[in-house]
Amino acid sequence: MVIIILLGLCSLPEIFHENKGISESIGSVRDGKLKNGWLLPYKGKNHRYFSPFSYYILNNGYVHSSVYATIMEAYHTCETTCPDILFRIMECTSKHGGRMLIHWTHQNGTSVDFMVPTMKGDNRNLMINKIGMFHYLLKFNEQGKYALGRKTVIDFETMARHIIALDDAAQHHGLKIRKILLNTNLHDELFSTPSGKLLAQRNLRFIPHLNNLINAVHDDHYHVDFEFIGEEE
Ligand SMILES: [Zn+2]
C-alpha cells in the first residue's frame, strides 16, 4: 500500500504537467539543466513513449519546447512517409535536467533516444518493443538482426525516413541535428536503403568512431542531439 502511494506521488508531476511557454536549456548535454521542460505525450497517433517507469517514476520524458515541436512535426510527417508504423521514444531528459541514471548526457533537454524500428516479416507488433527499460539491453548484430531471433531485424528504411523528417522539422523550429549516435557497424545498412541514400546526402553528423562501450549500447536505439541554429559549437 505504501509503495502504491509512493509510486502515485512520483507520477504526480507527469499527471498534472502542462506544457506552456518556452523552455531554457542551460549548460551542455553533459553538464546541464532544463528549465520549463515540455513533457512528450505518452501516446500519440503513431508514437508511444517506451516505458511507464521511465515516464512516470523517473520523470524522464521531458525536452526543450523547440525539440518537442520538432519531434511532433517529424511524427506528423511520418504519418504520410511511414504509414502504419508505430514509433517509440526512449529516454529524453528528466523534469529539471541534470544527471540521469543510465546516461552520460541527456542533461539539458536537447538529447533524445529513439527506438530502432523493427520487423519480423510483416509483423511489427513485436514483444521486444514492449519491455520498457530492458529494451536498452537488447543486442543486434552488424546486419541489424536481433541476437535472440534472427528473423527480427531493424527496419533501416523506416529509420532513415524518420531521421530525414527530424532533420526537416528541426529547421522549422530554429534547430539542427548536432549529432547522431548509432552503432557504427549499422551505418552501412542504414545508408544502403533508398531513403538511407537520401539521408547520406544530407551529411548529418553520424559519429563515425565510438569507443567500444558507447558503440555497443547504441544498437537498440539511435541517440540524437539537437542544437540551436546560431549557437553551434
Ligand atoms: Zn542517448
Side-chain angles (χ1 to χ4, degrees), residues 23 25-34 37-40 42 47-55 57-68 70-72 74-75 87-118 128-129 131-140 144 154 156 158-160 162-163 165-167 169-170 175-187 190 199 204-228 233:
S23 308
S25 292
I26 299 162
S28 70
V29 293
R30 284 184 182 277
D31 181 14
K33 293 267 173 258
L34 176 62
W38 278 41
L39 179 63
L40 288 162
Y42 194 83
H47 55 90
R48 299 275 184 279
Y49 194 81
F50 80 120
S51 157
F53 179 72
S54 166
Y55 194 86
I57 307 301
L58 299 178
N59 318 118
N60 285 346
Y62 294 82
V63 289
H64 186 284
S65 46
S66 299
V67 173
Y68 179 102
T70 298
I71 292 173
M72 289 301 122
Y75 283 137
F87 292 88
R88 287 182 200 266
I89 306 167
M90 294 175 66
E91 291 216 293
C92 304
T93 293
S94 63
K95 187 168 171 60
H96 305 291
R99 190 85 182 93
M100 287 167 71
L101 207 55
I102 59 165
H103 305 276
W104 289 282
T105 61
H106 285 255
Q107 293 202 14
N108 71 355
T110 58
S111 304
V112 183
D113 286 347
F114 296 100
M115 185 181 290
V116 291
T118 46
I128 59 167
N129 297 336
I131 55 174
M133 292 290 278
F134 292 105
H135 196 278
Y136 276 105
L137 301 176
L138 298 186
K139 286 285 137 238
F140 291 83
I154 296 174
F156 289 102
T158 293
M159 192 196 300
H162 176 238
I163 296 171
L166 278 177
D167 186 37
L175 295 174
K176 58 186 277 201
I177 291 176
R178 178 167 161 256
K179 68 175 180 186
I180 300 173
L181 303 183
L182 172 69
N183 186 299
T184 53
N185 298 317
L186 302 176
H187 289 188
L190 176 63
L199 175 63
L204 297 179
R205 195 163 159 242
F206 281 83
I207 303 298
H209 304 290
L210 297 170
N211 75 40
N212 289 344
L213 176 60
I214 302 283
N215 215 23
V217 298
H218 287 89
D219 54 347
D220 66 285
H221 71 279
Y222 41 113
H223 167 113
V224 179
D225 276 345
F226 295 92
E227 66 184 344
F228 296 90
E233 278 187 347

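Nothing here was measured: the structure is a model prediction, and the numbers come from that model. Atoms within each ligand, like the ligands themselves, are counted from 1 in listed order.
- Sorted pairs that involve residues 89-117 and meet salt bridge (Lys or Arg N to Asp or Glu O under 4.0 Å), not counting sequence neighbours, are lacking altogether.
- With sequence neighbours left out, K139 forms a side-chain hydrogen bond (donor to acceptor under 3.5 Å, both in side chains) with D219.
- Only protein atoms were considered; those of element N, O or S under 2.8 Å from the Zn ion (ligand 1) number 3.
- Within a 6.0 Å radius of CG in N211, other residues, nucleotides and ligands contribute more than 12 heavy atoms.
- Applying the ring-ring contact (aromatic ring centres under 6.0 Å, His included) criterion to Y75, with sequence neighbours excluded, gives H47, F87, H162.
- One distance of note links OG of S111 with NE2 of H64; it measures 13.0 Å at 0.5 Å rounding.
- Side-chain contact between L204 and L199 is present, with heavy atoms from C-beta onward closer than 4.5 Å.
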